[in-house]
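Presented below is the structure to which this report refers.
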Amino acid sequence: MHELSIIHSIIETVEATVAEQDAVVEVERVLLQIGDLAGVEVENLEFLWPAAVQGTVLQQAECAVERVEARAVCLDCNGNFALKNYFDACPVCGSFWKEVKTGEELKIKSIELCVQPADAVATATN
Amino acid sequence: MCATCGCSGDGHKLTTFVPTGKPRNIGALQVDAGVMVQAAAGPPTIHAPEPSKTLIEVERDVLDKNNRLAERNRGYFEARNIAAFNLVSSPGSGKTSILERTLLERGTQTKFYVIEGDQQSARDAERIAAGGTPVVQVNTGKGCHLEANMVHEALRQLDPAPGSVVFIENVGNLVCPSMFDLGERNRVVVISITEGEDKPLKYPDMFRSSQLCLINKMDLLPYLKFDLDALKAFARQVNPELEFIELSATTGQGMENWYTWLNNQKTQPHPN
(Lines give C-alpha, C1' and ligand atoms only; values in the text may rest on other atoms or scores of the structure.)
Protein backbone atom coordinates (compact mmCIF):
# COMPACT_ATOMS: atom_id res chain seq x y z
CA MET A 1 0.00 0.00 0.00
CA HIS A 2 2.66 2.53 -0.96
CA GLU A 3 -0.20 4.53 -2.48
CA LEU A 4 -0.68 6.06 0.97
CA SER A 5 2.89 7.37 0.92
CA ILE A 6 2.23 8.69 -2.56
CA ILE A 7 -0.80 10.64 -1.35
CA HIS A 8 1.16 12.02 1.60
CA SER A 9 3.84 13.23 -0.80
CA ILE A 10 1.18 14.90 -2.92
CA ILE A 11 -0.30 16.60 0.15
CA GLU A 12 3.15 17.90 1.17
CA THR A 13 3.83 19.35 -2.26
CA VAL A 14 0.42 20.96 -2.53
CA GLU A 15 0.64 22.40 0.98
CA ALA A 16 4.01 23.92 0.15
CA THR A 17 2.57 25.43 -3.03
CA VAL A 18 -0.43 26.83 -1.19
CA ALA A 19 1.82 28.33 1.50
CA GLU A 20 3.60 30.33 -1.22
CA GLN A 21 0.37 32.08 -2.18
CA ASP A 22 -0.16 35.56 -0.84
CA ALA A 23 -3.86 34.95 -0.57
CA VAL A 24 -6.47 32.70 0.90
CA VAL A 25 -6.79 29.78 -1.40
CA GLU A 26 -8.81 26.66 -1.74
CA VAL A 27 -7.47 23.78 -3.74
CA GLU A 28 -10.07 22.73 -6.25
CA ARG A 29 -8.28 20.18 -8.33
CA VAL A 30 -5.02 18.30 -8.58
CA LEU A 31 -3.97 16.81 -11.87
CA LEU A 32 -1.64 13.82 -11.65
CA GLN A 33 0.13 12.04 -14.45
CA ILE A 34 0.64 8.33 -13.84
CA GLY A 35 2.24 6.03 -16.35
CA ASP A 36 1.00 2.49 -16.80
CA LEU A 37 4.37 1.17 -15.53
CA ALA A 38 4.67 3.62 -12.64
CA GLY A 39 3.85 0.93 -10.12
CA VAL A 40 0.85 2.79 -8.77
CA GLU A 41 -2.62 1.29 -8.72
CA VAL A 42 -5.00 4.12 -9.47
CA GLU A 43 -7.84 2.11 -7.89
CA ASN A 44 -5.87 1.97 -4.62
CA LEU A 45 -5.17 5.67 -4.85
CA GLU A 46 -8.84 6.39 -5.36
CA PHE A 47 -9.81 4.12 -2.47
CA LEU A 48 -7.36 5.73 -0.04
CA TRP A 49 -7.78 9.34 -1.19
CA PRO A 50 -10.86 10.36 0.85
CA ALA A 51 -9.45 9.18 4.18
CA ALA A 52 -5.91 10.36 3.47
CA VAL A 53 -6.84 13.94 2.57
CA GLN A 54 -9.14 14.47 5.58
CA GLY A 55 -8.15 17.59 7.45
CA THR A 56 -5.63 18.64 4.80
CA VAL A 57 -5.58 21.31 2.16
CA LEU A 58 -6.86 18.70 -0.29
CA GLN A 59 -9.97 17.88 1.71
CA GLN A 60 -12.30 19.43 -0.85
CA ALA A 61 -10.17 18.92 -3.91
CA GLU A 62 -10.90 16.76 -6.88
CA CYS A 63 -8.12 14.49 -8.04
CA ALA A 64 -7.75 13.88 -11.74
CA VAL A 65 -5.39 11.24 -13.06
CA GLU A 66 -4.05 11.31 -16.57
CA ARG A 67 -2.75 7.88 -17.56
CA VAL A 68 0.22 7.54 -19.88
CA GLU A 69 0.63 4.54 -22.12
CA ALA A 70 3.93 2.67 -21.83
CA ARG A 71 6.16 2.67 -24.92
CA ALA A 72 9.67 1.39 -25.40
CA VAL A 73 12.39 1.33 -28.02
CA CYS A 74 13.92 -2.05 -28.75
CA LEU A 75 17.69 -1.92 -28.24
CA ASP A 76 18.23 -4.66 -30.82
CA CYS A 77 16.06 -3.63 -33.77
CA ASN A 78 15.21 -0.03 -32.83
CA GLY A 79 11.51 -0.76 -33.13
CA ASN A 80 9.17 1.43 -31.13
CA PHE A 81 6.40 -0.49 -29.44
CA ALA A 82 3.70 -0.30 -26.78
CA LEU A 83 4.02 -2.55 -23.77
CA LYS A 84 1.81 -3.55 -20.89
CA ASN A 85 4.50 -5.13 -18.71
CA TYR A 86 8.22 -4.81 -18.19
CA PHE A 87 8.62 -8.39 -19.37
CA ASP A 88 7.00 -7.80 -22.76
CA ALA A 89 9.27 -8.62 -25.68
CA CYS A 90 9.74 -6.54 -28.79
CA PRO A 91 6.91 -7.65 -31.10
CA VAL A 92 9.21 -7.51 -34.14
CA CYS A 93 12.42 -9.26 -33.06
CA GLY A 94 11.48 -10.81 -29.71
CA SER A 95 14.26 -9.09 -27.74
CA PHE A 96 13.81 -8.18 -24.08
CA TRP A 97 16.45 -5.45 -24.28
CA LYS A 98 14.55 -2.23 -24.38
CA GLU A 99 14.57 1.33 -23.23
CA VAL A 100 11.28 2.38 -21.73
CA LYS A 101 10.44 5.82 -23.11
CA THR A 102 7.08 6.57 -21.55
CA GLY A 103 4.84 5.00 -18.96
CA GLU A 104 7.00 5.45 -15.86
CA GLU A 105 5.68 8.95 -15.08
CA LEU A 106 4.50 9.72 -11.57
CA LYS A 107 4.02 13.47 -11.52
CA ILE A 108 1.93 16.26 -10.13
CA LYS A 109 1.13 18.16 -13.32
CA SER A 110 -0.90 21.03 -11.97
CA ILE A 111 -2.97 22.38 -9.14
CA GLU A 112 -6.08 24.52 -9.59
CA LEU A 113 -6.66 27.02 -6.83
CA CYS A 114 -9.56 29.26 -6.04
CA VAL A 115 -7.86 32.45 -4.95
CA GLN A 116 -9.27 35.15 -2.72
CA PRO A 117 -6.83 38.03 -2.17
CA ALA A 118 -5.90 38.40 1.50
CA ASP A 119 -7.03 42.06 1.66
CA ALA A 120 -10.45 41.16 0.23
CA VAL A 121 -10.90 38.62 2.99
CA ALA A 122 -9.79 41.15 5.59
CA THR A 123 -12.32 43.70 4.26
CA ALA A 124 -15.10 41.15 4.35
CA THR A 125 -14.42 40.20 7.94
CA ASN A 126 -14.16 43.82 9.16
CA MET B 1 -3.34 19.56 -27.64
CA CYS B 2 -4.19 21.51 -24.53
CA ALA B 3 -1.94 24.56 -24.40
CA THR B 4 -2.00 24.67 -20.61
CA CYS B 5 -1.05 21.21 -19.54
CA GLY B 6 0.11 19.68 -22.79
CA CYS B 7 -2.27 16.76 -22.56
CA SER B 8 -2.98 15.23 -25.92
CA GLY B 9 -5.70 12.66 -25.51
CA ASP B 10 -3.54 10.20 -27.39
CA GLY B 11 -2.73 7.28 -25.14
CA HIS B 12 -4.04 9.20 -22.15
CA LYS B 13 -6.96 8.15 -20.03
CA LEU B 14 -8.34 10.51 -17.48
CA THR B 15 -9.85 9.32 -14.21
CA THR B 16 -11.31 11.73 -11.71
CA PHE B 17 -12.25 11.17 -8.11
CA VAL B 18 -13.28 13.34 -5.18
CA PRO B 19 -12.78 13.11 -1.41
CA THR B 20 -16.34 12.04 -0.75
CA GLY B 21 -15.28 8.60 -1.87
CA LYS B 22 -17.86 8.64 -4.59
CA PRO B 23 -16.25 8.56 -7.99
CA ARG B 24 -17.27 11.43 -10.23
CA ASN B 25 -19.20 8.77 -12.15
CA ILE B 26 -19.11 8.20 -15.84
CA GLY B 27 -20.67 11.60 -16.60
CA ALA B 28 -17.75 13.67 -15.38
CA LEU B 29 -15.30 11.26 -16.91
CA GLN B 30 -16.90 11.61 -20.30
CA VAL B 31 -16.91 15.38 -20.06
CA ASP B 32 -13.19 15.41 -19.37
CA ALA B 33 -12.48 12.87 -22.06
CA GLY B 34 -14.62 14.86 -24.48
CA VAL B 35 -12.66 18.03 -23.86
CA MET B 36 -9.45 16.20 -24.55
CA VAL B 37 -10.66 14.66 -27.78
CA GLN B 38 -11.86 18.04 -29.01
CA ALA B 39 -8.60 19.61 -28.02
CA ALA B 40 -6.63 17.02 -29.95
CA ALA B 41 -8.63 17.65 -33.12
CA GLY B 42 -8.96 21.42 -33.00
CA PRO B 43 -6.79 24.45 -32.28
CA PRO B 44 -5.01 24.76 -28.93
CA THR B 45 -7.44 25.08 -26.08
CA ILE B 46 -6.60 26.67 -22.78
CA HIS B 47 -8.14 25.39 -19.59
CA ALA B 48 -9.79 28.65 -18.66
CA PRO B 49 -10.14 28.96 -14.91
CA GLU B 50 -12.61 31.58 -13.76
CA PRO B 51 -11.15 34.99 -12.86
CA SER B 52 -10.60 34.06 -9.23
CA LYS B 53 -8.98 30.79 -10.12
CA THR B 54 -5.34 30.03 -10.68
CA LEU B 55 -3.76 27.10 -12.37
CA ILE B 56 -0.30 26.31 -11.08
CA GLU B 57 1.81 24.09 -13.27
CA VAL B 58 3.76 22.07 -10.76
CA GLU B 59 5.32 19.50 -13.10
CA ARG B 60 7.08 17.78 -10.27
CA ASP B 61 7.69 14.13 -9.56
CA VAL B 62 5.37 12.91 -6.80
CA LEU B 63 8.34 11.32 -5.05
CA ASP B 64 10.50 14.38 -5.61
CA LYS B 65 11.18 14.88 -1.91
CA ASN B 66 12.21 11.26 -1.37
CA ASN B 67 14.37 11.34 -4.49
CA ARG B 68 16.16 14.47 -3.33
CA LEU B 69 16.78 13.02 0.12
CA ALA B 70 18.04 9.82 -1.50
CA GLU B 71 20.53 11.86 -3.53
CA ARG B 72 21.63 13.52 -0.31
CA ASN B 73 22.25 10.10 1.24
CA ARG B 74 24.11 9.09 -1.89
CA GLY B 75 26.33 12.14 -1.62
CA TYR B 76 27.03 11.30 2.01
CA PHE B 77 28.03 7.75 1.07
CA GLU B 78 30.21 8.93 -1.78
CA ALA B 79 31.98 11.55 0.34
CA ARG B 80 32.88 8.89 2.91
CA ASN B 81 33.63 6.27 0.29
CA ILE B 82 30.95 4.03 1.77
CA ALA B 83 29.30 1.31 -0.31
CA ALA B 84 25.61 1.05 0.58
CA PHE B 85 23.41 -1.83 -0.51
CA ASN B 86 19.63 -1.99 -0.30
CA LEU B 87 18.48 -5.59 0.27
CA VAL B 88 14.92 -6.25 -0.83
CA SER B 89 12.81 -9.41 -0.96
CA SER B 90 9.58 -10.95 0.20
CA PRO B 91 9.43 -11.92 3.88
CA GLY B 92 11.32 -15.10 4.75
CA SER B 93 13.72 -15.27 1.82
CA GLY B 94 16.70 -15.10 4.17
CA LYS B 95 17.97 -11.52 3.99
CA THR B 96 18.90 -11.43 7.67
CA SER B 97 20.51 -14.88 7.53
CA ILE B 98 22.63 -13.82 4.55
CA LEU B 99 23.70 -10.71 6.45
CA GLU B 100 24.50 -12.68 9.61
CA ARG B 101 26.79 -15.03 7.72
CA THR B 102 28.38 -12.19 5.75
CA LEU B 103 29.16 -10.23 8.91
CA LEU B 104 30.50 -13.32 10.61
CA GLU B 105 32.76 -14.36 7.74
CA ARG B 106 33.88 -10.94 6.53
CA GLY B 107 33.52 -8.77 9.61
CA THR B 108 37.22 -8.85 10.40
CA GLN B 109 38.22 -7.56 6.95
CA THR B 110 35.52 -4.99 6.34
CA LYS B 111 33.78 -2.60 8.69
CA PHE B 112 30.04 -3.21 8.33
CA TYR B 113 27.00 -1.30 9.50
CA VAL B 114 23.38 -2.41 9.20
CA ILE B 115 20.08 -0.57 9.01
CA GLU B 116 17.19 -2.94 9.69
CA GLY B 117 13.73 -2.09 8.38
CA ASP B 118 10.70 -3.89 9.75
CA GLN B 119 7.15 -2.90 10.53
CA GLN B 120 7.48 -4.03 14.15
CA SER B 121 10.00 -5.36 16.66
CA ALA B 122 13.77 -5.17 17.00
CA ARG B 123 14.29 -8.88 16.46
CA ASP B 124 16.44 -8.51 13.35
CA ALA B 125 18.55 -5.78 14.93
CA GLU B 126 19.10 -8.01 17.95
CA ARG B 127 20.29 -10.82 15.69
CA ILE B 128 22.75 -8.49 13.96
CA ALA B 129 23.90 -6.84 17.19
CA ALA B 130 24.59 -10.25 18.70
CA GLY B 131 27.48 -10.57 16.25
CA GLY B 132 28.89 -7.19 17.27
CA THR B 133 27.97 -5.15 14.19
CA PRO B 134 26.59 -1.64 14.76
CA VAL B 135 22.93 -1.68 13.79
CA VAL B 136 19.92 0.62 13.87
CA GLN B 137 16.42 -0.76 13.74
CA VAL B 138 13.83 1.31 11.90
CA ASN B 139 10.23 0.37 12.60
CA THR B 140 7.93 1.62 9.90
CA GLY B 141 4.72 0.92 11.84
CA LYS B 142 2.01 0.63 9.24
CA GLY B 143 4.49 1.53 6.52
CA CYS B 144 5.44 -1.17 4.07
CA HIS B 145 8.84 0.13 2.97
CA LEU B 146 11.80 2.28 3.99
CA GLU B 147 12.04 5.83 2.72
CA ALA B 148 15.13 7.98 2.24
CA ASN B 149 14.44 10.15 5.29
CA MET B 150 14.35 7.06 7.53
CA VAL B 151 17.75 6.00 6.23
CA HIS B 152 19.01 9.55 6.72
CA GLU B 153 17.94 9.48 10.38
CA ALA B 154 19.44 6.03 10.88
CA LEU B 155 22.74 7.18 9.38
CA ARG B 156 22.93 10.04 11.87
CA GLN B 157 22.77 7.47 14.65
CA LEU B 158 25.09 4.95 13.00
CA ASP B 159 27.77 7.41 11.88
CA PRO B 160 29.44 4.82 9.63
CA ALA B 161 33.19 5.05 9.24
CA PRO B 162 34.80 6.04 5.93
CA GLY B 163 35.47 3.09 3.66
CA SER B 164 32.84 0.90 5.31
CA VAL B 165 29.89 -1.04 3.92
CA VAL B 166 26.32 -0.22 4.94
CA PHE B 167 23.63 -2.83 4.43
CA ILE B 168 20.08 -1.56 4.42
CA GLU B 169 17.70 -4.46 4.95
CA ASN B 170 14.37 -3.25 3.65
CA VAL B 171 10.96 -4.30 4.88
CA GLY B 172 10.10 -7.76 3.54
CA ASN B 173 7.85 -6.80 0.63
CA LEU B 174 8.41 -7.28 -3.08
CA VAL B 175 6.14 -4.43 -4.13
CA CYS B 176 6.42 -1.10 -2.32
CA PRO B 177 10.17 -0.76 -1.63
CA SER B 178 10.85 -0.77 -5.38
CA MET B 179 9.57 2.78 -5.74
CA PHE B 180 11.68 4.36 -3.03
CA ASP B 181 15.29 5.22 -3.74
CA LEU B 182 17.24 5.26 -0.48
CA GLY B 183 20.51 6.52 -1.94
CA GLU B 184 22.00 3.06 -2.16
CA ARG B 185 24.80 2.17 -4.51
CA ASN B 186 23.11 -1.05 -5.59
CA ARG B 187 19.82 -2.74 -5.02
CA VAL B 188 20.05 -6.45 -4.30
CA VAL B 189 16.93 -8.56 -4.61
CA VAL B 190 16.91 -11.84 -2.70
CA ILE B 191 14.74 -14.75 -3.74
CA SER B 192 14.74 -18.17 -2.15
CA ILE B 193 14.02 -21.34 -4.04
CA THR B 194 11.12 -22.15 -1.74
CA GLU B 195 9.30 -19.37 -3.59
CA GLY B 196 7.86 -19.64 -7.07
CA GLU B 197 10.21 -19.23 -10.02
CA ASP B 198 7.70 -16.87 -11.65
CA LYS B 199 8.13 -14.20 -8.96
CA PRO B 200 9.99 -11.86 -11.35
CA LEU B 201 6.95 -11.79 -13.60
CA LYS B 202 4.58 -11.23 -10.70
CA TYR B 203 6.68 -8.50 -9.10
CA PRO B 204 8.54 -7.02 -12.07
CA ASP B 205 9.25 -3.58 -10.60
CA MET B 206 11.56 -5.00 -7.94
CA PHE B 207 13.53 -7.15 -10.37
CA ARG B 208 13.64 -4.32 -12.87
CA SER B 209 15.18 -1.90 -10.38
CA SER B 210 17.77 -4.31 -8.91
CA GLN B 211 21.27 -4.99 -10.20
CA LEU B 212 21.92 -8.27 -8.44
CA CYS B 213 19.68 -11.23 -7.60
CA LEU B 214 20.77 -13.52 -4.78
CA ILE B 215 19.14 -16.93 -5.07
CA ASN B 216 19.12 -18.27 -1.51
CA LYS B 217 18.45 -21.66 0.12
CA MET B 218 20.26 -23.50 -2.68
CA ASP B 219 20.96 -26.36 -0.25
CA LEU B 220 17.27 -27.27 -0.56
CA LEU B 221 17.38 -27.72 -4.32
CA PRO B 222 17.42 -31.56 -4.24
CA TYR B 223 14.19 -31.58 -2.27
CA LEU B 224 12.22 -29.07 -4.29
CA LYS B 225 10.69 -28.86 -7.72
CA PHE B 226 12.34 -25.60 -8.54
CA ASP B 227 13.34 -24.64 -12.08
CA LEU B 228 16.40 -22.45 -11.66
CA ASP B 229 16.73 -21.78 -15.37
CA ALA B 230 13.11 -20.68 -15.56
CA LEU B 231 13.63 -18.23 -12.70
CA LYS B 232 16.62 -16.67 -14.45
CA ALA B 233 14.82 -16.56 -17.79
CA PHE B 234 11.81 -14.82 -16.24
CA ALA B 235 14.02 -12.36 -14.40
CA ARG B 236 15.98 -11.58 -17.59
CA GLN B 237 12.74 -10.88 -19.43
CA VAL B 238 12.11 -8.12 -16.92
CA ASN B 239 15.74 -7.01 -16.58
CA PRO B 240 18.24 -8.44 -19.09
CA GLU B 241 21.15 -6.88 -17.17
CA LEU B 242 20.40 -8.57 -13.84
CA GLU B 243 23.26 -10.61 -12.35
CA PHE B 244 22.67 -13.79 -10.32
CA ILE B 245 24.49 -15.46 -7.47
CA GLU B 246 23.29 -18.80 -6.13
CA LEU B 247 24.04 -19.37 -2.47
CA SER B 248 22.92 -20.79 0.83
CA ALA B 249 23.19 -18.77 4.01
CA THR B 250 22.76 -22.01 5.95
CA THR B 251 25.57 -24.09 4.44
CA GLY B 252 27.68 -21.25 3.13
CA GLN B 253 27.80 -22.52 -0.45
CA GLY B 254 28.15 -19.71 -2.97
CA MET B 255 28.83 -17.08 -0.32
CA GLU B 256 32.33 -16.50 -1.73
CA ASN B 257 30.81 -15.30 -4.98
CA TRP B 258 28.71 -12.80 -3.05
CA TYR B 259 31.80 -11.53 -1.22
CA THR B 260 33.66 -11.17 -4.50
CA TRP B 261 30.77 -9.22 -5.96
CA LEU B 262 30.68 -6.95 -2.89
CA ASN B 263 34.41 -6.33 -3.15
CA ASN B 264 34.14 -5.52 -6.85
CA GLN B 265 31.43 -2.96 -6.13
CA LYS B 266 33.48 -1.42 -3.34
CA THR B 267 36.53 -0.92 -5.49
CA GLN B 268 34.68 0.55 -8.44
CA PRO B 269 34.00 4.28 -8.52
CA HIS B 270 30.49 5.35 -7.62
CA PRO B 271 28.14 5.17 -10.59
CA ASN B 272 26.68 8.47 -11.73
Side-chain angles (χ1 to χ4, degrees), chain A residues 1-2 4-6 9-10 12-14 17 21 25 28-34 37-40 42 45-47 49-51 53-54 58-69 71 75 82 85-89 95-98 102 105-116, chain B residues 4-7 10-24 28 32 36 47 49-66 142-145 147 173 175-180 200-201 204-209 233-241:
Chain A
M1 275 296 192
H2 53 276
L4 198 56
S5 295
I6 304 272
S9 297
I10 294 167
E12 273 186 39
T13 302
V14 174
T17 308
Q21 304 300 312
V25 298
E28 296 204 325
R29 189 170 188 261
V30 179
L31 176 63
L32 307 178
Q33 191 181 47
I34 302 180
L37 292 178
V40 173
V42 175
L45 208 62
E46 187 170 350
F47 176 75
W49 185 269
V53 301
Q54 275 295 320
L58 287 175
Q59 191 162 326
Q60 301 296 326
E62 169 187 284
C63 181
V65 179
E66 182 186 302
R67 304 304 308 265
V68 184
E69 184 191 58
R71 294 199 72 86
L75 295 178
N85 307 290
Y86 275 125
F87 51 79
D88 289 348
S95 168
F96 291 107
W97 290 82
K98 56 188 167 273
T102 62
E105 299 81 357
L106 180 55
K107 276 167 75 172
I108 303 173
K109 291 281 289 180
S110 63
I111 305 170
E112 283 178 40
L113 303 175
C114 183
V115 183
Q116 210 171 356
Chain B
T4 303
C5 64
C7 59
D10 293 330
H12 291 177
K13 295 167 279 180
L14 200 71
T15 311
T16 309
F17 44 94
V18 288
T20 56
K22 293 178 194 150
R24 268 280 165 97
D32 277 330
M36 295 178 76
H47 285 166
E50 289 165 29
S52 61
K53 293 183 181 181
T54 305
L55 183 97
I56 300 177
E57 293 183 33
V58 182
E59 293 286 347
R60 192 181 295 171
D61 199 294
V62 169
L63 297 177
D64 181 57
K65 190 179 170 192
N66 184 76
K142 298 284 180 228
C144 48
H145 57 269
E147 295 186 18
N173 177 346
V175 185
C176 310
S178 69
M179 297 192 68
F180 296 86
L201 300 186
D205 294 347
M206 197 62 97
F207 288 84
R208 174 83 180 173
S209 62
F234 288 144
R236 285 198 180 106
Q237 286 183 24
V238 174
N239 179 1
E241 293 178 84

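Here is how names work: the chains are called A, B, and so on, in the same order as the sequence lines, proteins then strands, and each is numbered from 1.
Annotation: the span from B:Asp205 atom CG to A:His2 atom NE2 amounts to 7.5 Å, rounded to 0.5 Å. One distance of note links CD1 of B:Ile56 with CG of A:Leu113; it measures 4.0 Å at 0.5 Å rounding. Rounding to the nearest 0.5 Å gives a distance of 9.5 Å between CE of B:Met179 and OG of A:Ser5. Within the model, atoms CD1 of A:Ile108 and CD of B:Glu59 stand 10.5 Å from one another, a figure rounded to the nearest 0.5 Å. Going from atom OH of A:Tyr86 over to atom CG of B:Leu201 covers 14.5 Å, rounded to the nearest 0.5 Å. Taken to the nearest 0.5 Å, the CG atom of A:Asn85 stands 11.5 Å off from the CZ atom of B:Arg208.
Put simply, of A:Ile10, A:Val53, A:Leu37, A:Ile6, the one with the most heavy-atom pairs under 4.5 Å next to chain B is A:Ile6. The greatest number of non-hydrogen atom pairs below 4.5 Å with chain B, out of A:Gly39, A:Ala38, A:Ala61, is found for A:Ala61. For chain B, the option among A:Leu45, A:Leu58, A:Val25 with the highest count of heavy-atom pairs below 4.5 Å is A:Leu45.
Contacts of B:Phe234 with chain A are absent, with no heavy-atom separation under 4.5 Å from either backbone or side chain. Heavy atoms closer than 4.5 Å to chain B are found in the side chain of A:Gln21, but not in its backbone. For B:Glu241, the parts lying under 4.5 angstrom from a heavy atom of chain A are both the backbone and the side chain. Interface residue B:Arg60: backbone and side-chain heavy atoms are both found under 4.5 Å from chain A.
Residues passing the side-chain contact (heavy atoms from CB on, under 4.5 Å) test with A:Glu28, sequence neighbours excluded: A:Cys114, B:Lys53.
At least one side-chain heavy atom of A:Thr13 sits less than 4.5 Å from a side-chain heavy atom of B:Val58.
The two residues B:Gln237 and A:Phe96 come nearest to each other via the heavy atoms CG-CZ, 3.2 Å.
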